[in-house]
Amino acid sequence: MEFGRIIETVGSVIDVIGVFAIVIGVVFAIGDAAVRRLRRAGPLYTRFRRVLGRAILLGLELLVAADIIKTVAVTPTLESVAVLAIIVLIRTFLSWSLELEISGRWPWQKWRGEPAEPGSARSVAERAVTAGPDASTAPDRD
């Protein structure tokens, strides 16, 4: 099997995985919403949107990866790269829009309530402020 055919097959497999990720995510989101509805647990709609949006985001990322693999490795013509650029631009816009809908912030913005990485200077400083002067020398147990 020649190299171009192998890369085309790999791209197609990733395409299928991306579609499966979206389909499985939709099924999971519906099942999760149904169980939560029967149990009368928590916010149904917001959780459904978040779970569904994350599945779509994952699927879009995989589809973009497949398009990049197939276009750049198999047919790197100026026309195919231009089409790829448009596809990636559209999917990136969709991904950012979904991320904004899910989390309420742009992908490049840090969430203010996000805990610091264990062992980072911020983590040590936060513990020192909340636990007293000896906290900065204590080992990280986060």
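- With sequence neighbours left out, Arg50 forms a salt bridge (charged side-chain N to carboxylate O under 4.0 Å, His left out) with no residue at all.
- By the criterion of side-chain heavy atoms lying less than 4.5 angstrom apart, applied directly or through intervening Ile, Leu, Val, Met, Phe, Trp or Tyr residues, Leu62 is not grouped with Ile87; the two fall into different hydrophobic clusters.
- You'll find the side chain of Asp67 stays beyond 4.5 Å of the side chain of Val88, heavy atoms only.
- Atom CZ of Arg49 sits about 9.0 Å away from atom CG of Leu98, to the nearest 0.5 Å.
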Check your understanding: Would Leu60 and Leu94 satisfy side chain to side chain contact (heavy atoms under 4.5 Å, CB included), going step by step from the backbone distance to the final call?
Key -> CA-CA 8 Å; Leu60 281 173; Leu94 288 172; 3.9 Å; yes
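- Grouping the Ile, Leu, Val, Met, Phe, Trp and Tyr side chains by contacts below 4.5 angstrom, directly or via other members, places Val51 apart from Leu58.
- In this structure, CZ on Arg47 lies 4.5 Å from CZ on Arg36, to the nearest 0.5 angstrom.
- Residues Ser95 and Thr92 bring no donor and acceptor atom of their side chains to less than 3.5 Å of each other.
- Between Gly25 and Ala55 the shortest heavy-atom distance is CA-CB, 3.3 Å.
- Grouping the Ile, Leu, Val, Met, Phe, Trp and Tyr side chains by contacts below 4.5 angstrom, directly or via other members, places Val83 apart from Ile68.
- Leu84 CG to Leu89 CG: the interatomic distance, rounded to the nearest 0.5 Å, is 11.0 Å.
- Considering CD1 of Ile17 and CD1 of Ile24, their distance stands at 10.0 Å, rounded to 0.5 Å.
- By the criterion of side-chain heavy atoms lying less than 4.5 angstrom apart, applied directly or through intervening Ile, Leu, Val, Met, Phe, Trp or Tyr residues, Leu44 is not grouped with Phe28; the two fall into different hydrophobic clusters.
- Under a hydrophobic-cluster definition in which Ile, Leu, Val, Met, Phe, Trp and Tyr are linked whenever side-chain heavy atoms come within less than 4.5 Å, directly or via other members, Val10 and Val13 are assigned to the same cluster.
- Here the CG-CG distance, from Leu52 to Asp32, works out to 11.0 Å after rounding to the nearest 0.5 Å.
- Taken from CD1 in Ile14 to OG1 in Thr9, the straight-line distance is 11.0 Å, to the nearest 0.5 Å.
- With hydrogens and angles ignored, the 3.5 Å screen pairs a side-chain donor or acceptor of Ser80 with a backbone N or O of Thr77.
- Although no hydrogens or angles enter the test, the distance criterion places a donor-acceptor pair under 3.5 Å between the side chain of Arg91 and the main chain of Leu63.
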